[in-house]
Each structure stands twice: as structure tokens, then as C-alpha cells.
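Here is the structure we will look at.
Below, chains carry the letters A, B, ... as their sequence lines are ordered, and counting in each starts from 1. Keep in mind the model is a prediction, meaning the values are calculated, not measured. The figures that follow rest on heavy atoms only: side chains count, while hydrogens, waters and symmetry mates do not.
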Amino acid sequence: MASNHTSLRNPGLHWSLVIAAWVAFSFLFINSPAKWLLGIPVATWLFSIGGLISIGVCLYSIVAMQKWEEQG
Amino acid sequence: MDIKVTELVITVLYFLFCIWIGVYFSKKAGTGSKEFWGAGQNIPFWVNGFATFSSNVSAASFLGFLGLSYKMGWSFTTIGIGSALAFGYAWSTLLNSGPLRRYSELRGKFTLASFFSERYGHGTGLATSIFIIILFPLYIVPQLIGGGLAGSYILGIDFKYAVMLIASVYIIYVVLAGMKSVTWADFLQGVIMLIFMVGLSLTAFYVFGGWDGLMPKALAIKPHFLDINPKLSTATYVGMFFAVALFAFSSPHIIMRHFTAKNVAHVRGGVALTSFLCWVFHLIGYIGVAAACILIVPDLVKVDRTYIVVMNKLWPPLLRGCAVAGILAAIMSTTGGMLLATGVEFSDNIVRKFIKKDMTDNQVIILSKVVMALVGVITTIMALGETRSIGFLVALLVGGTASAFSMPILFGLWWKRANRWGGLLSCVGGLGVYVVVHFTKIMPFLGEVLISIPASILFMVVGSLLTAPPPKEIQEFVEDLHRHNYMPATEAKKV
């Protein structure tokens, strides 16, 4: 069974799970009554910032994944 | 009708430029499928990033979705479209763009259906081709309707003439030079679209006195503009997010762009750039334009006209003419990619694979040019008679595409145990469940994928585990897709 999962150590897969966890976390707040900055609710704020952080993660991971793939 | 001459002249000049791009690349492009479908596989990340962004931004982005932002609130389009696209392309950077780029170089193939054929067998490949040939022309129709509406609102010409003008331009440049002209035309169109959406938003903030001048007034009129809209269910927010994110991850016309990149680093860089551009366009672009429209016309009924209302109020005719070119560019870039995908699916993945196996590359390209021209004409005729709303049709097709293709791609690249039965059931079953859920209305509109995507995963896992594992060469093929030098395992053993 382990041989089916040789790719599981790829940093790209790890970071995509982190991003997915962020999405799940953001949806938990979708009906949150808390309001900051002229009424921006927590969910909208989390998604806005989360999108930008994901892009940063991608830029970092392009190099990290290449290294992982070079090592085989 | 009151024809607006300045806007019309700029639009015609822009269209002529697009046709020139087609002619230029038809002379420059070499022969063979790698040139026609894969744009020679030498597109740098900054061109691909804008071109992929441009393929995503469509008629709906300037008309329907911006109207939703005005009507339902900026938070809705932020969660359901802008951030969804940013997250979807982030996943694509990390999970599928690199391995799929390697696949195209290893096997000399340039379509999603070819990948599915090799990974899961001809059944899934054929099903994918059929879905694309049926779904994509249906997606082109609402784009052309949007183009016709935009043309008639802004240029003052008749809806029918506007549709025919746009259709004739994009059909010419797609048929002339294939992916290379589509990519460069889309790059140009992506730049224009970004400038004119974000530019109008920044103008609105400037004219109305910055954030403090614009936002409190907009919120006084529409209190839920930045907030979760209580009229929409949580399932709609969550469903729209996943439908749009997984569409960006798996749509065949986007996947085709991954194959055109120079190398794996360039495809990943390009998709990360697309993610950023989608974020900027929908979050920064929409907030200013939609808020300004709330102040200019607080009770706008035809919300599709949000952009046009703000543009007419804040910009002089010359800038308006350029912005019209931006809107029409959005339509042509999306339809161009889809027309190309439809052509290659029919000619290469159906006719050459199943009917006339001895066709040469050039014969396939000629056949696909004929098919693209025909599909272009048929969809134009359909657009002239279509009356359903743009947003409804687009949303339906986005969810269907995500349900059919996203999980077979993900599992095909990352789970070696996934086999032909799992792939076929996941693809056909995912779309089937989506259609059933949509027509039985078990879930609210846009919430269908919350059932169809888990169903697709379930079909994949159960179908694969209940049947024999895939042959060893398929498992080695999956490993090759994650190898840096991507030398096929069989070749590596010889070395």
C-alpha cells in the first residue's frame, strides 16, 4: 500500500492541504456576527487574505517542489 | 439607434489588430500538432499567466458577476469568484500543472482527454471528449450573447450585428494560427481587461474621495455590500466557491494552456501569476466599480449594466472606447480557448482515434479548422436566438465541468491505485450526479457540487478498490509525471 503513495512527501501536496484547511476554517466563520473595518465580516476577510497568502505559498513551493522532484 | 462613433472606431481598430495577430502567427507558426495545439511549447510564464487569466475572465466577469457584486454584495463575489479563482489556481500550481506539463512532453499530446485515455483507458477519454464537444459550445453561446448585449449597450449598434462582429473576429484568429495566436491575443486581452477593470475602480475611489468618501455612503444604501448577504444560503456561498475553484483547477481549455508552457517551472509560475491576477481583478476591481454604481444609481434594475453605468459617468469617450475593447476582449479570449478545445477533441480524440486512425497531423489540423469554423458559425446562430440569462448558463456549465473532471485529474496524478473503473465512474458519475441534483433541486442553485464532488470521490475510491489495480506500466507512468527529469521509467532502467 505504501508504494501507492510515493508522492505524498511532495511539499506541493502538503501546502495544498494547508490551503484547503484555511478554506475550511474560513467557512466556519461565514455567519460570524463580528465586524471589523466598516463591516467586513470575518469570513470575507479570511478569504481575501487567504487568497493572497496562497499565492505566496505557490511562489515558495515552485522552488521547494523542484528540489523535491530533483531528489526523486 | 444612436451609434457612438468614437467607441465604434476604437473597437473596430482593436478587432483588426486581433486579426493581424492571427495572420502574423499563421505565417510564423511551424507545422504539426505541437505548434498548432501546444503553441510550440515555448510560452513564458508571464504570457501564459495573463493568457490563462484572460481565458477565465469572460462576458460574465464584466457584466453578470459584477452585477452580482452590486446586487448581492462584494463579499459574495469575493468568496464565490475572486478568492475561489485565486485558491483554485493555487491548487493547480501545487498539484496538477507541473505533472500535466510533463505528460504533454512525454507523450506529445495536448488535451485532457488524451491524458484520461492513457491514465484510465479509452472509455474515460471518449466520455471526456463527448462532454467537451457538448458542453463547450453551450458555454460559447452565453459569451456571445454577452458580447451582443455589451456591443448594443455601448456601441449603439444592433444586438445581432454586435454578435456577428465579435464572432467573425475570434473565429478568424483562432482558425488561422491555433494556440499560438490564441495565447498571444489572450495575453494582450488579459492586460487590457486588468487595466480597465482596476483602472475604473481606482477612478471611482479618486472621484468619490477615497475609501472614506465612497464606502460609508455605499454601505448606507446597501448595508450588506461588504457583509454576508442574509438572502443567500450558506450552501450557495460554499457551493459557488468550490464550483469556481475546481473549474479553474480542471477545465479542459485551461489545462490546454498548461501544455504550452516552456517547462515545468514556467507553467507553475504562470498559474501562480493567474491566481494573483484573478485576485486583483475581482477583489480590487469589483469593490470600487460596484460601490460607485450604488452611489450613481442606487436602484439599478438591469444589474448587468453596472460597469457601463460607472464607465459612462466617470470616463470620457476615448477611454470608454478602449474599455469597450476590454469587455469584448474578455468574450473573445474565453470563446477562443473553448473553440480550440472543441476542435481538437473532435478531430484528434474522436476521428483519429476511433474512425480514421491513419490521419496525419496536418490532416487532423485541417479537419479541426473546419470543425472550429462550423462550431463558431453554429454557436453564433444559437446566440442570435438565445434568450436565457448569461449567468444561469455559465454557472451551470462551470459546476458541470468541475464535477466531471476535477477528481479524475487529482486522483489520476496522485493515486497510483486509481484505475480505469474508478476514473470512468468518477468522471461520468460526477457529472451525472450534478445533473440529477440540479434538476431535482435537492440543493439550492450553485450548491449542486457539494453533492456531486463527494460523489465523484466516492466513485473513484470504491470503483478502484473493488477492481484490479492498474497495470505496472500505468503506475510507472504516474511516477514519471513527478520526476524532475521526467525520463520514462523504462528508459531510466536502460540507463
Given A/Gly50, A/Ser16, A/Ser61, the one with more heavy-atom pairs under 4.5 angstrom with chain B than any other is A/Ser16
Side-chain contact test, heavy atoms from C-beta onward, threshold under 4.5 Å: evaluate it for A/Gln66 versus B/Val264 and give yes or no.
no
B/Phe205 atom CZ, over 12 foreign heavy atoms within 6.0 Å
yes
Are A/Ile55 and B/Tyr89 close enough that some pair of their side-chain heavy atoms sits under 4.5 Å apart?
no
Indicate yes or no for a side-chain donor-acceptor contact from B/Ser83 to the backbone of A/Gly51 under 3.5 Å, with no hydrogens or angles considered.
no
Mark yes or no for whether A/Trp15, through its side chain, and B/Trp91, through its backbone, hold a donor-acceptor pair below 3.5 Å.
no
For residues 241-250 of chain B, dump all side-chain donor-acceptor pairs below 3.5 Å to protein atoms at least two apart in sequence or in another chain.
{"unit_1": "B/Ser250", "atom_1": "OG", "unit_2": "B/Leu246", "atom_2": "O", "d": "2.6"}

Considering only heavy atoms, which portion of B/Leu283 lies under 4.5 Å from any heavy atom of chain A: side chain, backbone, both, or neither?
side chain
Please report the closest heavy-atom contact between B/Trp279 and A/Ser48, naming both atoms and the distance.
NE1-O, 2.9 Å
Count the heavy atoms belonging to other residues, nucleotides or ligands that lie under 6.0 Å from CZ of B/Phe208, then report whether that count exceeds 12.
yes
Which atoms of A/Leu52 are under 4.5 Å from chain B, going by heavy atoms: the side chain, the backbone, both sets, or neither?
both
With side chains defined as the heavy atoms from C-beta onward, is the minimum distance between A/Thr44 and B/Leu226 less than 4.5 Å?
no
How far does CG of A/Leu13 sit from CH2 of B/Trp414, to the nearest 0.5 angstrom?
5.0 Å
Straight-line distance of A/Ile62 CD1 to B/His266 NE2, nearest 0.5 Å:
10.5 Å
Relative to chain A, which of B/Val271, B/Thr234, B/Val238 shows the most heavy atom pairs under 4.5 Å?
B/Val238
Check whether A/Ala20 gets within reach of chain B through its side chain, its backbone, both or neither, counting any heavy atom under 4.5 Å.
both
In terms of heavy-atom contacts, A/Gly12 and B/Leu94 come closest through O-CB, 3.5 Å
Heavy-atom pair with the smallest gap, counting every atom of A/Cys58 and B/Ala90
SG-CA, 3.4 Å
Is it the backbone or the side chain of B/Thr78 that comes under 4.5 Å from a heavy atom of chain A, or both, or neither?
side chain
Need one label for A/Val63: side chain, backbone, both or neither, based on atoms under 4.5 Å from any heavy atom in chain B.
neither
